[in-house]
Amino acid sequence: MTPPAKGPAGTSDLPEEDTGSASPLDFIRAIVAADLAAKKYKGRVATRFPPEPNGYLHIGHAKSICLNFGVAAEHGGTCNMRFDDTNPAAEDIEYVDAIQADIRWLGFDWGDRLRYASDYFERLYGYAMRLIERGTAYVDDLTAEQIRAYRGTLTTPGRESPHRDRSVEENLDLFTRMRAGEFPDESKVLRAKIDMASGNINMRDPVLYRIRRATHHRTGDRWCIYPMYDFTHALSDSIEDITHSLCTLEFEDHRPLYDWVLDELAVACHPQQIEFARLNLSYTVLSKRKLLTLVKEGYVSGWDDPRMPTLVGMRRRGYPPEAIRTFCDRIGMAKRENVVDVAVLEHAVREELNRTSPRVMAVLRPLKVVIQNYPEGQVEEVDAINNPEDPAAGTRKVPFSRVLYLERDDFCEDPPKKFFRLAPGREVRLRCAYFITCVDVVKNDQGEIVELKCTYDPATRGGSAPDGRKVKATLHWVSASHALVARVRLYDRLFLDEHPGERRDSLEALNPDSLEVIDTCRVEPSVASVATGDRYQFERLGYFCVDPDSTDDSLVFNRTVSLRDVWARIARTMKARG
RNA sequence: UGGGAGGUCGUUCAAUGGUAGGACACGCGGCUCUGGACCGUGGAAUCGGGGUUCGAAUCCCUGCCUCCCAGCCA
């Protein structure tokens, strides 16, 4: 596999070829390669990513973005950023800005090839007039309900509209007046004259234009008629000289219409539409409607809630864009319906973070530990490696003193088999510091453990014993008086059901424990000056990033993903077996 | 007796008439100052039935199952 280029993976700086083991091409890349070999488009490859600016981008869009920009880059081609903005009622400038920011963050660059379907409205209008002149489009006065009734059903053919045979002159006149605003909304539409008996419902005289008085975010009130998707999309592709128009499976039925429009108008460029299966992810929903519900009804804090599968959510969660691109490479490209295990995504995230994140020690649930034989008031600094995967990351000093905090989960008064951590009388290693032995357990009136008394072996400084004795566990810690207090947000999957999208009501499957906030975490002082978005590995716990809610005197971390946890798995099986 | 698309390990993607393979997940072992990482290893699949062929996941016939389509959304 080829990890995308380091910097922004624009249309020209991706590795052209995986020199070495040639991994097989997916079916779309195979078609593109064959077209290139056949000189089909004069050796040109031009794609586009055409979102409607009516929502935030999510991981499913990332698959399409990586495909479109990737295919173009692999052949020195181009990929246009195009907004399919033909429905002013649903769209908003907020989304056009957010979408561009997300794609840039993902690592792609469209240079000066930013396009809007709305820029083509005048040309599109001209094409519509041409269709009318050819006698293959007509103005219909039927209401929406009538059109639906006339359309027939899946198994029975439709009926032709009584207005289907209006003269070219009358259609031209009516359509001109539609544009001029002479008719109220929804009173007339322009329809293609194709075949009301077609088995493909999209070919039963599809609507091409509707009257809709709405202020468009780019064209304002200049238009009161707006073109429909099928008409706009095919022609926009053609206008932009696109060679391969890649879209998802549900548009397969639209391809005959796509081709009809371009053939009927005999345009110079007729791109080929190729459909691929959209991405589904286990334990998450990716439908715009459902994501909108989560936001609107307050189940999450917003589009950028770290539990959301949106690109903004993942960014805030701390997912590196490289990991998302790697994920998109790995899931493959096919036409079969699929549900990718979210573990594949998490694995890509861990892999990237393991390679790049500086290590730091933090204690989520502090348990006070006093080292009895360590001199009161003494402080020393131990050396800690910043990233064992990257020697260039260097080392840092971590203060050690008499009173420390350990993770509550790292102590067990009555340890079960295979629990290697601290227990009464047991010796363990404190990471980068000393071996300590637990000599006493202090409890409060409720019987809760409030403090541990330990001793340390001064000869084990640095973490190893001169006599060669071993310990079975190494624990993370922080010096109580030096540690910073931080708030940490622990995220878990938003849904408990593996396929929440298949339920009538996905909300029933919501995980009530998808967010846990801990306000009393302690982190080592080296993270005092951090910036929003900085990523760390909290040793033995997971990867965390600095949330924008952080201020100069209050740190907030999001847990991006936990480390793989073998002990948790062992504990789970032991519990299951009783 | 509508049209379109698709069925390969648990999941996902390969193999395009010639040893069914990778990744993730899972199991076992090793190593380790992170029960992380890493290394090794194991189990695990061609929807069913016929046919063509020396040889079929792949070609043919047939049956079954799944998904998409009846917005003046995209």
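So that the names make sense, note that chain A is the first sequence line, chain B the second, and so on, each numbered from 1.
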Among all residues two or more places apart in sequence or in another chain, which pass the side-chain contact (heavy atoms from CB on, under 4.5 Å) test with Thr460(A)?
Tyr434(A), Phe435(A), Asp457(A), Ala465(A), Arg469(A)
Could you tell me if Glu91(A) and Asn54(A) have a donor-acceptor pair between their side chains, going purely by distance under 3.5 Å?
no
Can you tell me if His347(A) touches the phosphate of rC24(B), counting only side-chain N or O atoms and a distance under 4.0 Å to OP1 or OP2?
yes
Please measure how far the C1' atom in rU52(B) lies from the corresponding atom in rG17(B), and state the result in whole Å.
11 Å
What contact category does Phe419(A) fall into here, base, sugar-phosphate, or nothing, at under 4.0 angstrom with non-hydrogen atoms?
base
Every stem of 3 or more Watson-Crick or G-U pairs under 3.5 Å that RNA chain B joins, in order of first number, is B:2-7 with B:64-69, B:10-13 with B:21-24, B:26-30 with B:38-42, B:47-51 with B:59-63
Every protein N/O within reach of nucleotides 10-13 of chain B N/O, cut-off under 3.5 Å:
unit_1	atom_1	unit_2	atom_2	d
rU11(B)	O2'	Val339(A)	O	3.0
rU12(B)	OP1	Val339(A)	N	3.3
rU12(B)	O2'	Ile331(A)	O	2.8

Assess whether atom CG of Leu286(A) is packed by more than 12 heavy atoms of other residues, nucleotides or ligands within 6.0 Å.
yes
For the pair made of CG in Leu345(A) and P in rA25(B), what is the distance, rounded to whole Å?
12 Å
Sequence-distant partners of Asp26(A), side chain to side chain donor-acceptor pair (under 3.5 Å), two or more places apart:
Arg29(A)
Under the side chain to side chain donor-acceptor pair (under 3.5 Å) rule, collect the residues that match up with Asp92(A), sequence neighbours excluded.
none
Between Leu422(A) (CG) and rU34(B) (P), how many Å, whole number?
17 Å
Okay, side chain of Thr356(A), backbone of Glu352(A): is any donor-acceptor separation there less than 3.5 Å?
yes
In whole angstroms, the gap separating P of rC68(B) from CZ of Arg255(A) amounts to 18 Å
Which residues pass the side chain to side chain donor-acceptor pair (under 3.5 Å) test with Lys63(A), sequence neighbours left out?
none
Result for side-chain contact (heavy atoms from CB on, under 4.5 Å) between Thr232(A) and one of Asn87(A), Asp85(A), Leu124(A) points to Leu124(A)
Results of side chain to side chain donor-acceptor pair (under 3.5 Å) for Arg564(A) - residues two or more places apart only:
none
Under 3.5 Å, which protein N or O atoms sit close to an N or O of nucleotides 27-29 of chain B? Give each pair with its distance.
unit_1	atom_1	unit_2	atom_2	d
rG27(B)	OP2	Arg569(A)	NH1	3.4

Rounded to whole Å, please give me the gap between CD1 in Ile28(A) and C1' in rA5(B).
14 Å
Atom CG of Asn280(A) and atom C1' of rC68(B): how far apart are they, to the nearest Å?
13 Å
If you look only at pairs with a residue in residues 200-215 of chain A, which of them pass as a salt bridge (charged side-chain N to carboxylate O under 4.0 Å, His left out), with sequence neighbours excluded?
Arg164(A)-Asp205(A), Asp185(A)-Arg213(A)
So Gln537(A), base contact, sugar-phosphate only, or nothing? Heavy-atom distance under 4.0 Å.
base
salt_bridge(Arg431(A), Glu539(A)) N-O dist < 4.0 Å
yes
My understanding is that only residues two or more places apart in sequence, or in another chain, count here; which of them pass salt bridge (charged side-chain N to carboxylate O under 4.0 Å, His left out) with Arg177(A)?
Asp173(A), Glu182(A)
Note: for Ala343(A) and Asn387(A) on RNA chain B, the residue whose nearest nucleotide lies more 5' is Ala343(A)
If we take the P atom in both rC64(B) and rU1(B), what is their distance in whole Å?
10 Å
From CG of Leu353(A) across to P of rC38(B) the rounded distance in Å is 13 Å
On a whole-Å scale, what distance lies between the C1' atoms belonging to rG6(B) and rU58(B)?
16 Å
Testing the 3.5 Å rule here: is there a donor-acceptor pair between the side chains of Arg278(A) and His61(A)?
no
Identify whether any heavy atom of Lys472(A) sits under 4.0 Å from a base atom; if not, whether one sits that close to sugar-phosphate; answer base, sugar-phosphate or nothing.
nothing
Take atom P in rG36(B) and the same atom in rA57(B), then report the distance between them in whole Å.
40 Å
Using a strict threshold of under 4.0 Å (side-chain N to carboxylate O), is an ion pair present between Asp497(A) and Arg503(A)?
yes
Using whole Å, what does the distance between atom P of nucleotide rG7(B) and atom CG of Leu249(A) come to?
11 Å
Distance below 4.0 Å between Arg564(A) side-chain N/O and rA37(B) OP1 or OP2:
yes
Distance below 4.0 Å between Arg350(A) side-chain N/O and rG36(B) OP1 or OP2:
no
Suppose you measure atom C1' in rG49(B) against the same atom in rU11(B); what distance do you get, rounded to whole Å?
28 Å
Could you give the distance separating rC38(B) and rA23(B) at their P atoms, to the nearest angstrom?
12 Å
Any N/O pairs under 3.5 Å between the protein and nucleotides 40-42 of chain B? List them or say none.
none

Tell me whether Asp237(A) is salt-bridged to Arg82(A), with the criterion being a basic N under 4.0 Å from an acidic carboxylate O.
yes
Relative to the 5' end of RNA chain B, which residue comes earlier, Trp567(A) or Glu252(A), by the nucleotide with the nearest heavy atom?
Glu252(A)
Do Glu407(A) side-chain atoms and Arg365(A) backbone N/O form a donor-acceptor pair below 3.5 Å?
yes
How many Å lie between CZ on Arg540(A) and P on rA37(B), as a whole number?
14 Å
Are a donor atom and an acceptor atom from the side chains of Tyr56(A) and Glu94(A) found within less than 3.5 Å of each other?
yes
What string of B, S and - do you get for nucleotides 69-74 of chain B, 5' to 3', if B is base contact, S is sugar-phosphate-only contact and - is no contact with any protein heavy atom under 4.0 Å?
BBSBSB
C1' spacing across the pair rG10(B) / rC68(B), given as an integer number of angstrom:
26 Å
Work out how far the P atom of rG40(B) is from that of rU46(B), and round it to whole angstrom.
28 Å
Which is it for rG71(B), anti or syn, if anything within 90° of zero counts as syn?
syn
Any ion pair linking Arg540(A) and Asp565(A) (charged N to carboxylate O, less than 4.0 Å)?
no
